[in-house]
Enquirer: 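Got a structure for you, written out below as structure tokens; questions coming shortly.
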Number of protein chains: 2
Amino acid sequence: MSRPTKHAPERGSARIRLLEAARDIIREKGFSATSVDDLCRAADVTKGAFFHHFGSKEALGVAAAEFWAETTSAFFAAAPYHEPADPLARVLAYVAFRKAIIAGALKEFTCLVGTMAQEVYESAPDIRDACGRSIFGHTATLEDDIEMARQQRGISADWTAESLARHTQAVLQGGFVLAKAGNDPALARESLDHLERYIRHLFNVTEDDAYEQIDPYRMRLRADAP
Amino acid sequence: MSRPTKHAPERGSARIRLLEAARDIIREKGFSATSVDDLCRAADVTKGAFFHHFGSKEALGVAAAEFWAETTSAFFAAAPYHEPADPLARVLAYVAFRKAIIAGALKEFTCLVGTMAQEVYESAPDIRDACGRSIFGHTATLEDDIEMARQQRGISADWTAESLARHTQAVLQGGFVLAKAGNDPALARESLDHLERYIRHLFNVTEDDAYEQIDPYRMRLRADAP
DNA sequence: AAAAACATACCATACGGTTGGTATGTGTCA
DNA sequence: TGACACATACCAACCGTATGGTATGTTTTT
């Protein structure tokens, strides 16, 4: 959190710090309850700097959603759930990975853009659309693996890869809502277990099947567990 | 919840109007963005009346969640999805009913307590807990039908009726989030289709089975459609 | 030198909440 | 029965503060 020295000024360092503060504080208090002063205090910048980088609070909301899209897509691209050679294994590994990162405080693993969209969908269309691009951009990264698994296994489905990818995101977002309402992260994990069972059913893969065949990534997660 | 007193037949009319205004405006703008003045204006009462009935804005939030719990539980208790004699049919009819009432504007069918919980879970524990009681009180009304269906059909499951009921609610809440982010109610209905398919899989009931056997309520919904 | 990146001081308003009051109903007891 | 004490429901005006936003600098980088 310490500011960079005057002679090594990171380009847009105040801007980045404001976006990071927005990510953390909006996830904790919501967009409306987060004041510009809150953000300036957390980022250790003045209001002048804030309005130099963002034309309005709403513009910051849009930028925060875009920042979230950038950072999370980098995070998921680098995540190990892409490792399995089998496409269905990658899909199941994704679910297992999402489940594994649900840990700690609620504000640390819940979704910024889901929270913001829920709150401002009607009053701030620009923010809503930026949140939508982040969410549906992410679901799109799952579609190829789902479609590959479907074709490879000859599943003639009455559902599309697109819709199953979106459903996966819906289960995640809904799990977050229940976890918040019940103040218990386990509620989010619980729904992911149902999602995993659903996907296995869709692909006729039962729990009895050897895991190392279908889901080596999940095996590794289990082996790493204490 | 509203204590029935002998005197003052018109008692609490301002209170009720404020709770109805809260239900509508908070669903549209969120809790923080909804001002006390907004509510007073919509309910056509003065601020003095507001703070006569509610000790604070947060107290109104709690009361609004409780009001939501009361009105929705009466609504669902009177809904026709309880009609089928078969318990699994009732569960599937519930999902079909939830899908059927997703229509019109987002603010008209989305969930007040899900929205509020998502927003204030960290900053207003009293409201969060009231939202939790509303949500999990509702999921509990599904548990008996699920458990009866399970026993009747001899399903030896690695899941509980409780967790499946909660998952159903998670899919609904997540569907609402996606519908808001994508500004399209169809996104919520889409996830309910996956949920229905999941439940059918769990109970080994395929789409090919005769509907009138398993789900007369759904048949009626279809017949009623234009 | 130009412009981008900050900082300081300030503003109008909207915010949640308080105050002091009125009108009306209700239980009580002389 | 009536008058009195008390409670409830509601209102208009007001208060201190926090809010998003601006005007005008100063510093730093190119």
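The chains referred to below are lettered A, B, ... by the order of the sequence lines, with proteins before strands, and numbering in each begins at 1.
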Enquirer: Return the orientation label for the B/F75 and B/F97 ring planes: parallel under 30°, perpendicular over 60°, tilted otherwise.
Expert: tilted
Enquirer: Quick one about B/S191 and B/K99 (side-chain donor to acceptor, distance below 3.5 Å, no hydrogens or angles considered), yes or no?
Expert: no
Enquirer: Between B/R197 and A/Y198, is any pair of side-chain heavy atoms under 4.5 Å apart?
Expert: yes
Enquirer: Return all side-chain donor-acceptor pairs below 3.5 angstrom for residues 100-108 of chain B, not counting sequence neighbours, or 'none' if the list is empty.
Expert:
from, atom 1, to, atom 2, distance (Å)
B/K107, NZ, B/E28, OE1, 3.3
B/E108, OE1, B/A105, N, 3.4

Enquirer: OP1 or OP2 of D/dA9 less than 4.0 angstrom from a side-chain nitrogen or oxygen of B/H53, does that happen here?
Expert: no
Enquirer: D/dC10, C/dC6, D/dG20: which one has an atom nearest the side-chain heavy atoms of A/A49?
Expert: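 The answer is C/dC6, which lies nearest to the side chain.
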Enquirer: If I take atom CG in residue A/L60 and atom P in nucleotide D/dT19, what distance separates them, rounded to the nearest angstrom?
Expert: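 Taking atom P of D/dT19 as the reference, CG of A/L60 is at 15 Å.
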Enquirer: Should the pair B/K57 and B/F50 be classed as cation-pi, given the thresholds of under 6.0 Å to the six-membered ring centre and 45° from the axis?
Expert: no
Enquirer: Could you identify which residues of residues 24-35 of chain B place a heavy atom less than 4.0 Å from some atom of DNA chain D, listed by residue number, or say none?
Expert: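 Going residue by residue through residues 24-35 of chain B, none turns out to have a heavy atom under 4.0 Å of DNA chain D.
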Enquirer: Assess the side chains of B/S32 and B/E119: does a donor N or O sit below 3.5 Å from an acceptor N or O?
Expert: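 Note: B/S32 and B/E119 side chains meet the donor-acceptor criterion.
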Enquirer: Going by the ring-ring contact (aromatic ring centres under 6.0 Å, His included) test, which pairs reach into residues 123-144 of chain B, not counting sequence neighbours?
Expert: B/F76-B/H138, B/Y94-B/H138
Enquirer: Taking only heavy atoms on the protein side, list every residue of residues 37-48 of chain B lying under 4.0 Å from any atom of DNA chain C, sorted numerically.
Expert: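 Per residue number, the list reads B/K47.
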Enquirer: Between C/dC15 atom P and B/E58 atom CD, what is the distance in whole Å?
Expert: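 To the nearest whole Å, that distance equals 18 Å.
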Enquirer: Taking OP1 and OP2 of D/dA9, is either one under 4.0 Å from a side-chain nitrogen or oxygen of B/H52?
Expert: yes
Enquirer: If I take atom CZ in residue B/F54 and atom C1' in nucleotide D/dC10, what distance separates them, rounded to the nearest angstrom?
Expert: 14 Å
Enquirer: Angle between the two end axes of the helix from C/dA1-D/dT30 to C/dA30-D/dT1, five base pairs per end, rounded to 10 degrees?
Expert: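 The two end axes of the helix from C/dA1-D/dT30 to C/dA30-D/dT1 meet at 10°.
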Enquirer: Which residues satisfy the side-chain hydrogen bond (donor to acceptor under 3.5 Å, both in side chains) test with A/D38, sequence neighbours excluded?
Expert: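 With neighbours one apart ignored, the set is A/K29, A/S35, A/R41.
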Enquirer: In whole angstroms, how far is the C1' atom of D/dA13 from the CZ atom of B/F51?
Expert: 15 Å
Enquirer: Measure the distance from CZ on B/R17 to C1' on D/dC10 and round it to the nearest whole Å.
Expert: 10 Å
Enquirer: Is the ring pair A/F109/A/F176 parallel, tilted or perpendicular, if the boundaries are 30 and 60 degrees?
Expert: tilted
Enquirer: Examine the side chains of B/R98 and B/Y81 and answer whether a donor and an acceptor come within less than 3.5 Å of each other.
Expert: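 The criterion, which ignores hydrogens and geometry beyond distance, is not satisfied for B/Y81 and B/R98.
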Enquirer: Between the side chain of A/S163 and the main-chain N/O of A/W159, is any donor-acceptor distance below 3.5 Å?
Expert: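 No; judged by distance alone, with no hydrogens or angles, the pair does not exist.
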